[in-house]
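Taking it in order: structure first as structure tokens, then the write-up.
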Amino acid sequence: MPAPRIAIFGLHLEANAFAPPTVEEDFRALCWAEGEEITKGAREVSKLPSELPGFYERMDETGDWEPVPLIMVAAPPGGPIEAPLFARIKDRMEEMLRAALPVDAIYVASHGASAVDGLEDSDGTLVALAREIVGPDIPIVVSHDLHCNISEKLTDAADALLAYRTNPHVDMRQIASESADVLRAMLGGQKVASAFIRLPLVPPSVTLLTARGPYARMIRRAEEVMQRDDIANVSITGGFAQSDLSKCGMTVNVTTWGDQALADQVCTDLAQELWDDRGSYVTNMMELEDAVSLALSSEKPVIFADVADNPGGGGRGNTTYVLRAFHEAKVPDCAFGVLVDPALAGEMHEKGVGTTFKAVFNREPGLYSDTFEAEAEILCLTDGNDIGRRGTLAGRKFDLGDAGLLRLTDSGLLVVVGSLRRQLLEPRMLEMHGIDIAKLHCVVVKSRGHFRAGFDEFFPPEQTFEVDVPGLVSANFSRLDFKHLPRPVVPLDPETVWTPGVK
Ligand SMILES: [Zn+2]
């Protein structure tokens, strides 16, 4: 039998409806790979999503195959994609897939929470188009981030959908590897059956950790059920509420080895369990003034997350609420990062290490991003490029753009300034600027939850706090003006009624 030809494509964007549009530059600066470039990147250290090396490795281990890489694009979380840009990505995928025919299967490695200006279901559109091109009999397996918003169009077009089971995300390679196993089984003639239920439940991301709490309990349940020989996969997705789409909501996806009734039953049971526990998805954020007091009084080192300005959810990484308060309170031995300010980073690179000057953050003020000025010394400058060592970015390249470290004169605060919108989830982002994290008393990160997997060696969960300040990706939903979420929906409408029913 000739080696099976597997087409591969994917789109990674977590769309935040409240953030400015995502443009081609955003993809080009992170990942835009076509054809053989994808195969090359998947087999070395690259900026490709981690699913790619995971998928290639498992396919290589399990027999002959011929990769047919099409297009893989990834942008940092941001607003919906500009419509003409999405049309180009879609057309390119279509053109390359048609030119590659025949293929024996397709693997789609997408984030699953993308959206386009004027089109809410970009992910479903791409998978449905692939299905239309290859016909009903070619296996299509899709993997998603657990922060995805899944449409019926997508689940109808795909044979199986697998989602991450860790948040912070550290299992991208694992899920891609499991996707490869499902594809291999299907190539061997194995049938699959799947069921999908979406619940009117859109919890804030900070309540969706998988080490503890209600979502962790559901993930453990999914893993338990996956032990059965007749179940191929169970994926329980958390969704991404700030996408503000009618398809937002937590979902249960069950794939069995061909038994539809079993898929329906397991899916319904898990959805009911999830729904029964809906009241547990509550945030536990700290007021800013309490965070300042704790930073000053805690005997143990503490880390604070400015979750509302997390670039990993579409934030700009430039709000200064926490910075200003900690500066005024002169919190000792404290580092901040990454403050995204290309103009300031550029000025730092012009002035050079050792210069003391008046640092102006947000010289062009914007929504949530007031101007903030402080005298500061430039301690270190970098080009922002390094390789992650722990957690979500371990072994992957990252790029902060032109970056550097400031020490604010009055307070002693250490502030890492960068030029590209990246969340501080990786210890190297501080260490590359000469910071010894073990010697700090306090760290403030622009991140929602992924920093936990990078910084847990310094800050256990009980020394980790989320601060409730304004921002584009606030976990305090009363701060956001949702327009398209399905209503009624929990937690906005606590009295929402749901009755089981498989789609
Ligand atoms: Zn995610």
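Because the structure is predicted, anything quoted here is derived from the model rather than measured. Order of appearance sets the numbers: ligands from 1, and atoms from 1 within every ligand.
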| message | Pairing donors with acceptors under 3.5 angstrom, does anything connect the side chains of Thr251 and Asn253? | response | yes
| request: For the residue pair Thr319 and Lys446, confirm or rule out a side-chain donor-acceptor distance under 3.5 Å. | output: yes
| side chain to side chain donor-acceptor pair (under 3.5 Å): pairs with one or both residues in residues 199-217, sequence neighbours excluded | Arg217-Asp277
| note | Sorted by chain and number, sequence neighbours left out, salt bridge (charged side-chain N to carboxylate O under 4.0 Å, His left out) with Arg389 holds for Glu431, Glu457
| query | Should Ser246 and Glu120 be marked as a side chain to side chain donor-acceptor pair (under 3.5 Å) after you check the CA-CA gap, both sets of side-chain angles, and the distance that decides it? | reply | CA-CA 8 Å; Ser246 67; Glu120 84 160 43; 2.9 Å; yes
| note | Checked the Zn ion (ligand 1): protein N, O or S atoms closer than 2.8 Å come out as Asp145 OD1, Asp145 OD2, His147 ND1, His169 NE2
| query | Excluding sequence neighbours, so at least two apart, what forms side chain to side chain contact (heavy atoms under 4.5 Å, CB included) with Pro470? | reply | Tyr321, Tyr368, Arg479
